[in-house]
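Notes follow the structure.
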There are 2 protein chains.
Amino acid sequence: MVEHCEPSLNQAFAALADPTRRWLVARLRSRGESTVTALAGPLPMSLQAVSKHLVVLERAGLVRRRRAGREHRVALEGRALKAVAEWVNEYQRFWEDRLDALAAHMERQALEIERTDPKEHQQ
Amino acid sequence: MVEHCEPSLNQAFAALADPTRRWLVARLRSRGESTVTALAGPLPMSLQAVSKHLVVLERAGLVRRRRAGREHRVALEGRALKAVAEWVNEYQRFWEDRLDALAAHMERQALEIERTDPKEHQQ
DNA sequence: TATTCACTCAACCATTCGGTTGACTATATC
DNA sequence: GATATAGTCAACCGAATGGTTGAGTGAATA
(Lines give C-alpha, C1' and ligand atoms only; values in the text may rest on other atoms or scores of the structure.)
Protein backbone atom coordinates (compact mmCIF):
# COMPACT_ATOMS: atom_id res chain seq x y z
CA MET A 1 0.00 0.00 0.00
CA VAL A 2 2.35 2.72 1.17
CA GLU A 3 5.66 0.83 0.91
CA HIS A 4 5.56 -1.34 4.03
CA CYS A 5 3.64 -3.99 2.14
CA GLU A 6 5.91 -7.01 1.93
CA PRO A 7 3.56 -9.63 0.54
CA SER A 8 5.34 -12.48 2.27
CA LEU A 9 4.64 -10.89 5.65
CA ASN A 10 0.99 -10.50 4.69
CA GLN A 11 0.74 -14.18 3.91
CA ALA A 12 2.74 -15.32 6.91
CA PHE A 13 0.75 -13.29 9.43
CA ALA A 14 -2.53 -14.28 7.80
CA ALA A 15 -1.50 -17.93 7.87
CA LEU A 16 -0.64 -17.76 11.56
CA ALA A 17 -3.92 -16.05 12.41
CA ASP A 18 -5.80 -19.33 12.20
CA PRO A 19 -5.63 -21.60 15.27
CA THR A 20 -5.75 -24.77 13.20
CA ARG A 21 -2.75 -23.61 11.22
CA ARG A 22 -0.87 -22.58 14.35
CA TRP A 23 -1.63 -26.02 15.72
CA LEU A 24 -0.20 -27.59 12.56
CA VAL A 25 2.94 -25.48 12.88
CA ALA A 26 3.29 -26.40 16.55
CA ARG A 27 2.78 -30.06 15.75
CA LEU A 28 5.45 -29.97 13.07
CA ARG A 29 7.80 -28.33 15.52
CA SER A 30 7.27 -30.86 18.28
CA ARG A 31 7.06 -34.00 16.18
CA GLY A 32 8.97 -33.09 13.06
CA GLU A 33 8.15 -33.95 9.46
CA SER A 34 4.78 -35.60 8.95
CA THR A 35 2.26 -36.67 6.35
CA VAL A 36 -1.02 -34.92 5.59
CA THR A 37 -3.21 -37.70 6.97
CA ALA A 38 -1.13 -37.98 10.13
CA LEU A 39 -1.54 -34.26 10.69
CA ALA A 40 -5.26 -34.39 9.93
CA GLY A 41 -5.85 -37.30 12.32
CA PRO A 42 -6.49 -35.38 15.56
CA LEU A 43 -8.22 -32.46 13.85
CA PRO A 44 -12.02 -32.25 13.84
CA MET A 45 -12.34 -31.55 10.13
CA SER A 46 -12.03 -33.24 6.79
CA LEU A 47 -8.71 -34.19 5.22
CA GLN A 48 -9.43 -31.77 2.41
CA ALA A 49 -9.75 -28.91 4.85
CA VAL A 50 -6.39 -29.75 6.39
CA SER A 51 -4.88 -30.02 2.94
CA LYS A 52 -6.11 -26.53 2.18
CA HIS A 53 -4.61 -25.23 5.41
CA LEU A 54 -1.29 -26.76 4.43
CA VAL A 55 -1.46 -25.02 1.07
CA VAL A 56 -1.90 -21.72 2.88
CA LEU A 57 1.09 -22.46 5.11
CA GLU A 58 3.14 -23.54 2.13
CA ARG A 59 2.34 -20.42 0.12
CA ALA A 60 3.31 -18.36 3.14
CA GLY A 61 6.67 -20.13 3.19
CA LEU A 62 6.08 -21.51 6.68
CA VAL A 63 6.10 -25.11 5.56
CA ARG A 64 7.50 -27.17 2.73
CA ARG A 65 6.39 -30.51 1.34
CA ARG A 66 8.06 -33.21 -0.64
CA ARG A 67 6.42 -36.18 -2.26
CA ALA A 68 7.51 -39.59 -1.08
CA GLY A 69 5.63 -42.17 -3.06
CA ARG A 70 1.95 -41.61 -2.58
CA GLU A 71 2.34 -39.55 0.55
CA HIS A 72 3.36 -35.93 1.03
CA ARG A 73 5.84 -35.24 3.78
CA VAL A 74 5.34 -31.83 5.34
CA ALA A 75 7.99 -30.03 7.40
CA LEU A 76 8.54 -26.68 9.02
CA GLU A 77 10.40 -24.09 6.98
CA GLY A 78 12.35 -21.50 8.95
CA ARG A 79 12.65 -18.52 6.66
CA ALA A 80 9.16 -17.05 6.76
CA LEU A 81 9.05 -17.59 10.50
CA LYS A 82 12.31 -15.70 10.69
CA ALA A 83 10.89 -12.78 8.71
CA VAL A 84 7.89 -12.61 11.03
CA ALA A 85 10.10 -12.75 14.11
CA GLU A 86 12.33 -10.00 12.76
CA TRP A 87 9.39 -7.74 12.07
CA VAL A 88 7.84 -8.30 15.47
CA ASN A 89 11.10 -8.00 17.37
CA GLU A 90 11.51 -4.46 16.09
CA TYR A 91 8.86 -3.55 18.64
CA GLN A 92 10.62 -5.09 21.60
CA ARG A 93 11.14 -1.80 23.34
CA PHE A 94 7.41 -1.29 23.51
CA TRP A 95 6.97 -4.02 26.01
CA GLU A 96 10.24 -4.22 27.82
CA ASP A 97 11.45 -0.74 28.70
CA ARG A 98 10.19 1.99 31.00
CA LEU A 99 7.66 3.35 28.49
CA ASP A 100 5.67 0.23 29.27
CA ALA A 101 5.95 0.72 32.99
CA LEU A 102 4.88 4.30 32.53
CA ALA A 103 1.89 3.27 30.47
CA ALA A 104 0.92 0.72 33.09
CA HIS A 105 1.16 3.37 35.73
CA MET A 106 -0.98 5.77 33.74
CA GLU A 107 -3.53 3.04 33.14
CA ARG A 108 -3.72 2.26 36.83
CA GLN A 109 -4.16 5.94 37.52
CA ALA A 110 -6.93 6.20 34.94
CA LEU A 111 -8.75 3.26 36.51
CA GLU A 112 -8.34 4.87 39.89
CA ILE A 113 -9.96 8.05 38.60
CA GLU A 114 -12.76 6.05 37.01
CA ARG A 115 -13.42 4.25 40.26
CA THR A 116 -13.44 7.35 42.41
CA ASP A 117 -15.37 9.61 40.04
CA PRO A 118 -17.52 7.46 37.79
CA LYS A 119 -19.82 10.19 36.49
CA GLU A 120 -17.12 11.86 34.46
CA HIS A 121 -15.88 8.65 32.93
CA GLN A 122 -18.87 6.38 32.42
CA GLN A 123 -18.51 3.97 29.49
CA MET B 1 -10.08 -25.79 18.11
CA VAL B 2 -7.72 -28.29 19.69
CA GLU B 3 -6.58 -26.21 22.68
CA HIS B 4 -3.89 -24.08 21.03
CA CYS B 5 -6.51 -21.51 20.13
CA GLU B 6 -5.72 -18.43 22.17
CA PRO B 7 -8.16 -15.93 20.75
CA SER B 8 -5.89 -12.99 21.44
CA LEU B 9 -3.23 -14.50 19.21
CA ASN B 10 -5.82 -15.06 16.50
CA GLN B 11 -6.78 -11.42 16.59
CA ALA B 12 -3.24 -10.12 16.85
CA PHE B 13 -1.93 -12.17 13.93
CA ALA B 14 -4.98 -11.35 11.85
CA ALA B 15 -4.58 -7.67 12.61
CA LEU B 16 -0.93 -7.72 11.57
CA ALA B 17 -1.70 -9.53 8.33
CA ASP B 18 -2.95 -6.34 6.72
CA PRO B 19 -0.28 -4.00 5.31
CA THR B 20 -2.28 -0.89 6.16
CA ARG B 21 -2.50 -1.97 9.77
CA ARG B 22 1.21 -2.84 9.89
CA TRP B 23 1.87 0.60 8.49
CA LEU B 24 -0.25 2.15 11.24
CA VAL B 25 1.65 0.19 13.86
CA ALA B 26 4.98 1.21 12.35
CA ARG B 27 3.86 4.82 12.21
CA LEU B 28 2.86 4.78 15.85
CA ARG B 29 6.21 3.32 16.72
CA SER B 30 8.22 5.89 14.84
CA ARG B 31 6.17 8.97 15.63
CA GLY B 32 4.42 8.04 18.85
CA GLU B 33 0.86 8.76 19.87
CA SER B 34 -1.30 10.27 17.15
CA THR B 35 -4.86 11.16 16.23
CA VAL B 36 -7.05 9.24 13.80
CA THR B 37 -7.04 11.96 11.15
CA ALA B 38 -3.28 12.41 11.39
CA LEU B 39 -2.83 8.69 10.84
CA ALA B 40 -5.31 8.67 7.98
CA GLY B 41 -3.64 11.60 6.23
CA PRO B 42 -1.04 9.75 4.13
CA LEU B 43 -3.25 6.72 3.53
CA PRO B 44 -5.11 6.35 0.23
CA MET B 45 -8.46 5.55 1.77
CA SER B 46 -11.31 7.16 3.68
CA LEU B 47 -11.11 8.19 7.30
CA GLN B 48 -13.81 5.65 8.10
CA ALA B 49 -11.69 2.86 6.67
CA VAL B 50 -8.75 3.90 8.84
CA SER B 51 -11.04 4.14 11.83
CA LYS B 52 -12.16 0.56 11.22
CA HIS B 53 -8.55 -0.58 10.95
CA LEU B 54 -7.84 1.06 14.28
CA VAL B 55 -10.78 -0.77 15.84
CA VAL B 56 -9.28 -4.03 14.64
CA LEU B 57 -5.90 -3.11 16.12
CA GLU B 58 -7.54 -2.04 19.34
CA ARG B 59 -9.56 -5.22 19.71
CA ALA B 60 -6.37 -7.17 19.10
CA GLY B 61 -4.76 -5.26 21.97
CA LEU B 62 -2.07 -3.82 19.71
CA VAL B 63 -3.18 -0.24 20.20
CA ARG B 64 -5.06 1.78 22.76
CA ARG B 65 -6.93 5.04 22.43
CA ARG B 66 -7.90 7.74 24.83
CA ARG B 67 -10.24 10.60 24.14
CA ALA B 68 -8.86 14.08 24.41
CA GLY B 69 -11.64 16.52 23.72
CA ARG B 70 -12.99 15.84 20.29
CA GLU B 71 -9.99 13.87 19.12
CA HIS B 72 -8.92 10.32 19.85
CA ARG B 73 -5.26 9.82 20.66
CA VAL B 74 -4.02 6.44 19.51
CA ALA B 75 -0.85 4.81 20.83
CA LEU B 76 0.96 1.51 20.58
CA GLU B 77 0.20 -1.07 23.25
CA GLY B 78 2.97 -3.51 24.05
CA ARG B 79 1.24 -6.52 25.50
CA ALA B 80 -0.31 -8.12 22.43
CA LEU B 81 2.88 -7.50 20.51
CA LYS B 82 4.71 -9.24 23.31
CA ALA B 83 2.41 -12.25 23.11
CA VAL B 84 2.99 -12.50 19.37
CA ALA B 85 6.74 -12.19 19.80
CA GLU B 86 6.76 -14.87 22.47
CA TRP B 87 4.82 -17.28 20.31
CA VAL B 88 7.00 -16.69 17.29
CA ASN B 89 10.27 -16.81 19.21
CA GLU B 90 9.50 -20.36 20.28
CA TYR B 91 10.49 -21.31 16.75
CA GLN B 92 13.86 -19.63 16.82
CA ARG B 93 15.80 -22.83 16.48
CA PHE B 94 14.17 -23.47 13.15
CA TRP B 95 16.07 -20.67 11.57
CA GLU B 96 19.13 -20.06 13.66
CA ASP B 97 20.75 -23.25 14.89
CA ARG B 98 22.93 -25.75 13.14
CA LEU B 99 20.05 -27.59 11.51
CA ASP B 100 19.60 -24.49 9.44
CA ALA B 101 23.29 -24.12 8.76
CA LEU B 102 23.43 -27.77 7.81
CA ALA B 103 20.54 -27.39 5.40
CA ALA B 104 22.17 -24.35 3.85
CA HIS B 105 25.43 -26.21 3.52
CA MET B 106 23.76 -29.16 1.86
CA GLU B 107 21.95 -26.87 -0.50
CA ARG B 108 25.18 -25.15 -1.47
CA GLN B 109 26.84 -28.51 -1.94
CA ALA B 110 24.00 -29.74 -4.12
CA LEU B 111 24.32 -26.66 -6.32
CA GLU B 112 28.06 -27.17 -6.51
CA ILE B 113 27.61 -30.76 -7.64
CA GLU B 114 25.03 -29.71 -10.19
CA ARG B 115 27.40 -27.15 -11.62
CA THR B 116 30.46 -29.40 -11.86
CA ASP B 117 28.80 -32.63 -12.92
CA PRO B 118 25.44 -31.94 -14.48
CA LYS B 119 24.96 -35.35 -16.15
CA GLU B 120 24.59 -37.31 -12.94
CA HIS B 121 22.05 -34.94 -11.41
CA GLN B 122 19.76 -33.76 -14.12
CA GLN B 123 16.42 -33.62 -12.36
C1' DT C 1 -5.32 -56.40 -12.83
C1' DA C 2 -8.34 -54.71 -9.29
C1' DT C 3 -8.46 -52.27 -5.24
C1' DT C 4 -7.19 -49.57 -1.59
C1' DC C 5 -4.75 -45.58 0.04
C1' DA C 6 -2.94 -40.69 0.10
C1' DC C 7 -3.98 -36.84 -1.56
C1' DT C 8 -5.59 -32.94 -4.71
C1' DC C 9 -9.06 -30.52 -7.47
C1' DA C 10 -13.51 -28.38 -8.14
C1' DA C 11 -17.82 -26.65 -6.91
C1' DC C 12 -20.51 -24.88 -3.48
C1' DC C 13 -21.98 -22.31 0.85
C1' DA C 14 -22.03 -19.10 4.83
C1' DT C 15 -19.29 -15.78 7.01
C1' DT C 16 -15.78 -12.33 7.32
C1' DC C 17 -12.97 -8.58 5.34
C1' DG C 18 -11.72 -4.27 3.38
C1' DG C 19 -13.48 -0.76 1.31
C1' DT C 20 -17.23 2.72 0.04
C1' DT C 21 -20.95 6.48 1.06
C1' DG C 22 -24.26 8.87 4.02
C1' DA C 23 -25.96 10.11 8.39
C1' DC C 24 -25.08 10.95 13.15
C1' DT C 25 -22.69 12.67 17.79
C1' DA C 26 -19.82 15.48 20.31
C1' DT C 27 -16.43 19.00 20.91
C1' DA C 28 -14.36 23.42 19.52
C1' DT C 29 -14.74 27.95 17.57
C1' DC C 30 -16.89 32.09 15.50
C1' DG D 1 -26.48 29.99 18.63
C1' DA D 2 -24.38 28.64 14.18
C1' DT D 3 -20.87 26.29 12.07
C1' DA D 4 -16.77 23.67 11.41
C1' DT D 5 -13.99 19.73 13.04
C1' DA D 6 -12.98 14.85 14.77
C1' DG D 7 -14.73 10.84 14.80
C1' DT D 8 -18.14 6.88 14.89
C1' DC D 9 -22.15 4.11 13.23
C1' DA D 10 -24.79 1.75 9.73
C1' DA D 11 -25.78 -0.13 5.38
C1' DC D 12 -24.00 -1.84 1.43
C1' DC D 13 -20.76 -4.30 -1.97
C1' DG D 14 -17.33 -7.46 -4.00
C1' DA D 15 -13.70 -10.51 -2.79
C1' DA D 16 -11.52 -13.68 0.23
C1' DT D 17 -11.93 -17.44 4.13
C1' DG D 18 -12.90 -21.75 6.15
C1' DG D 19 -15.49 -25.30 5.83
C1' DT D 20 -18.26 -29.02 3.20
C1' DT D 21 -18.99 -32.97 -0.41
C1' DG D 22 -17.90 -35.47 -4.61
C1' DA D 23 -14.93 -36.77 -8.15
C1' DG D 24 -10.26 -37.56 -9.97
C1' DT D 25 -5.10 -38.96 -9.93
C1' DG D 26 -1.28 -41.68 -8.91
C1' DA D 27 1.25 -44.95 -5.99
C1' DA D 28 1.11 -49.26 -3.16
C1' DT D 29 -0.87 -53.77 -2.48
C1' DA D 30 -3.65 -58.00 -2.95
Side-chain angles (χ1 to χ4, degrees), chain A residues 1-2 4-5 7-25 27-28 33-60 62-75 119-123, chain B residues 1-2 4-25 27-28 33-60 62-75:
Chain A
M1 206 123 272
V2 198
H4 280 266
C5 37
S8 58
L9 273 185
N10 295 357
Q11 294 179 301
F13 275 117
L16 294 175
D18 185 277
T20 301
R21 287 192 293 259
R22 279 204 309 283
W23 182 87
L24 288 167
V25 167
R27 186 83 162 189
L28 289 171
E33 192 178 58
S34 176
T35 67
V36 180
T37 20
L39 287 168
L43 287 170
M45 66 184 69
S46 68
L47 178 69
Q48 291 95 319
V50 175
S51 177
K52 279 166 80 174
H53 279 302
L54 289 171
V55 169
V56 173
L57 288 169
E58 195 179 11
R59 279 215 258 263
L62 291 162
V63 134
R64 66 172 186 283
R65 34 187 358 146
R66 58 187 184 84
R67 307 243 341 213
R70 64 180 165 180
E71 59 191 22
H72 298 205
R73 301 267 172 77
V74 184
K119 291 162 210 113
E120 286 186 5
H121 298 274
Q122 79 269 41
Q123 185 351 269
Chain B
M1 207 124 269
V2 198
H4 280 266
C5 34
E6 306 180 41
S8 59
L9 273 185
N10 295 357
Q11 293 179 302
F13 275 118
L16 293 174
D18 185 277
T20 301
R21 287 191 294 257
R22 279 205 309 283
W23 182 88
L24 288 168
V25 168
R27 187 82 162 190
L28 290 170
E33 191 179 57
S34 176
T35 68
V36 179
T37 21
L39 287 167
L43 287 170
M45 65 184 67
S46 69
L47 179 69
Q48 292 95 318
V50 175
S51 176
K52 278 167 77 173
H53 279 303
L54 289 171
V55 169
V56 173
L57 288 170
E58 196 179 10
R59 280 215 256 262
L62 292 162
V63 135
R64 67 172 187 283
R65 38 192 349 151
R66 58 186 184 85
R67 305 235 355 205
R70 65 179 165 181
E71 59 192 21
H72 297 206
R73 302 268 173 76
V74 184

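Keep in mind that what you see is a predicted model, and the values were worked out from it rather than measured. Below, read A as the first sequence line, B as the second, and so on, with proteins coming before strands; counting in each chain starts at 1.
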Taking only the side-chain nitrogens and oxygens of B/R67, find out if one of them lies under 4.0 Å from OP1 or OP2 of C/dA26. no

Give the rounded distance in Å between these two atoms: CZ of B/F13 and C1' of D/dG18. 19 Å

What is the separation between atom NE2 on A/H53 and atom P on C/dT8, rounded to the nearest whole Å? 13 Å

Return the minimal non-hydrogen interatomic distance between B/R65 and B/H72, and the atom names on each side. NE-ND1, 4.0 Å

When the distance from CE of B/M45 to C1' of C/dG18 is rounded to whole Å, what number comes out? 8 Å

Go nucleotide by nucleotide along DNA chain D from the 5' end; which of A/V56 and A/A68 gets its closest nucleotide reached first? A/V56

Starting at CG of B/N10 and ending at C1' of C/dC17, how long is that distance when rounded to a whole Å? 16 Å

Interatomic distance where CD belongs to A/E58 and P belongs to C/dC7 [whole Å]: 13 Å

Which atoms form the tightest heavy-atom contact between B/A40 and B/L47, and what is the distance? CB-CD1, 3.8 Å

Between D/dG18 (P) and A/L16 (CG): distance, integer Å: 12 Å

Nearest non-hydrogen partners of B/R22 and B/L16, listed with the distance: NH1-O, 2.8 Å

Grab the two heavy atoms, one from B/A17 and one from A/A14, that are nearest each other, plus how far apart they are. CB-N, 3.4 Å

Nearest 0.5 Å, what's the CD-CG distance between A/E33 and A/L28? 9.0 Å

Could you report the tightest heavy-atom contact between B/M45 and B/V50, atom names first, then the distance? CG-CG2, 3.8 Å

I'd like to compare against my own output: the B/S/- annotation of nucleotides 4-10 of chain D with a strict under-4.0 Å heavy-atom distance to protein. BBSBBB-

How many whole angstroms separate atom CZ of B/R59 from atom C1' of C/dG18? 14 Å

